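Dumping the structure here so I can ask a few things about it.
Since the structure is predicted, the reported quantities are computational estimates derived from the model, not experimental observations.
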Amino acid sequence: MRSRPSETLLLLALLPVFVLGIFPMLLFGLLGFPGISLFGILLICTGLADGLNANSNFNQQVIVYGPADRDHRSMHSSDLHSATRFALLVDAIGAALVVVGVCGFFWFG
């Protein structure tokens, strides 16, 4: 039985979801709730590194090129704020996973 091209494209579109979801599910399957906590700790580390990298890029821009003129100042600060907001979101998701893992370990483990 031959598959239609639309089915192949659908499966190809779902491939990134599968690739992203296999790591946490593998951790949960092998390590249980401590694996979810470990994944949360890794997310927190990633969020902190991303926030520090955004601040470093902003500071490097100011040091190398000097203070930006009025037109570009809002662009640079907007980039910094969006990067730190995303890093804060990743930190919050990581903290939530740590809480879920610890609570699950003590309640069900």
Side-chain angles (χ1 to χ4, degrees):
M1 182 181 291
R2 296 182 61 171
S3 64
R4 294 183 297 225
S6 62
E7 292 174 355
T8 306
L9 289 176
L10 178 66
L11 291 176
L12 190 62
L14 291 176
L15 184 64
V17 174
F18 175 74
V19 169
L20 289 175
I22 196 160
F23 182 67
M25 293 307 292
L26 184 65
L27 277 177
F28 185 69
L30 293 177
L31 301 175
F33 286 108
I36 295 295
S37 295
L38 179 66
F39 186 62
I41 291 170
L42 289 173
L43 276 177
I44 290 172
C45 291
T46 303
L48 290 174
D50 192 29
L52 289 173
N53 192 20
N55 283 320
S56 173
N57 289 341
F58 181 78
N59 290 335
Q60 183 180 8
Q61 185 77 18
V62 170
I63 290 170
V64 171
Y65 297 109
D69 57 346
R70 184 173 293 241
D71 296 335
H72 293 104
R73 189 176 302 149
S74 63
M75 181 183 66
H76 294 304
S77 65
S78 175
D79 289 343
L80 174 66
H81 288 299
S82 67
T84 54
R85 273 194 306 261
F86 181 71
L88 184 63
L89 177 69
V90 171
D91 287 340
I93 291 171
L97 284 176
V98 168
V99 168
V100 165
V102 168
C103 290
F105 179 73
F106 284 118
W107 279 335
F108 301 116

Legend entry - Phe108 with Leu30, same ILVMFWY side-chain cluster at under 4.5 Å: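 Cluster IDs for Phe108 and Leu30 match.
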Legend entry - Phe58: hydrophobic cluster co-members (side-chain, 4.5 Å):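 Phe58 shares its hydrophobic cluster with Val62, Leu80.
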Inset, instruction - Find out if a path of hydrophobic residues (ILVMFWY) with successive side-chain heavy-atom gaps under 4.5 Å connects Val100 to Leu89. - result: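 Unlinked, Val100 and Leu89 end up in two clusters.
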Legend entry - Gln60 side chain near Asn57 side chain, heavy-atom distance below 4.5 Å: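 In contact.
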Inset, instruction - With rounding to the nearest 0.5 Å, note down the distance linking CG in Leu88 to CD1 in Ile93. - result: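 With rounding to 0.5 Å, CG (Leu88) is 10.0 Å from CD1 (Ile93).
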Inset, instruction - Could you grab the distance from atom OG of Ser78 to atom CZ of Arg85, nearest 0.5 Å is fine? - result: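 If I round to the nearest 0.5 Å, the distance is 7.0 Å.
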Legend entry - Least distance between heavy atoms, Gly47 atom then Ala87 atom: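 Heavy-atom minimum between the residues: O-CB, 3.2 Å.
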Inset, instruction - Run through the side-chain heavy atoms of Ile, Leu, Val, Met, Phe, Trp and Tyr, join any pair under 4.5 Å, and report what else lands in Tyr65's cluster. - result: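 In the cluster with Tyr65 are Val64.
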Inset, instruction - Determine the minimum heavy-atom distance between Gly101 and Phe33, stating which atoms define it. - result: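 Scanning both residues, the minimum pair turns out to be O-CB, 3.3 Å.
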Inset, instruction - Indicate if Leu38 and Leu26 have the same hydrophobic cluster label, given that clusters are the connected sets of ILVMFWY residues with side-chain heavy-atom separations under 4.5 angstrom. - result: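 Leu38 and Leu26: one cluster.
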Legend entry - Inter-residue atom distance Ile41.CD1 - Cys45.SG, 0.5 Å rounding: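 Rounded to the nearest 0.5 Å, the CD1-SG separation comes to 7.5 Å.
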Legend entry - Between CE on residue Met25 and CG on residue Leu20, distance to nearest 0.5 Å: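 Spacing of CE (Met25) from CG (Leu20) equals 13.5 Å.
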Inset, instruction - Using side chain to side chain contact (heavy atoms under 4.5 Å, CB included) as the criterion, list what pairs up with Leu48, not counting sequence neighbours. - result: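 Side chain to side chain contact (heavy atoms under 4.5 Å, CB included) check on Leu48 returns Ile44, Asp91.
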Legend entry - same_hphob_cluster(Val98, Leu31) at 4.5 Å side-chain heavy-atom cutoff: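 Same cluster.
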Legend entry - Leu97 and Leu43, any side-chain heavy atoms less than 4.5 Å apart: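 Leu43 reaches Leu97 side chain to side chain.
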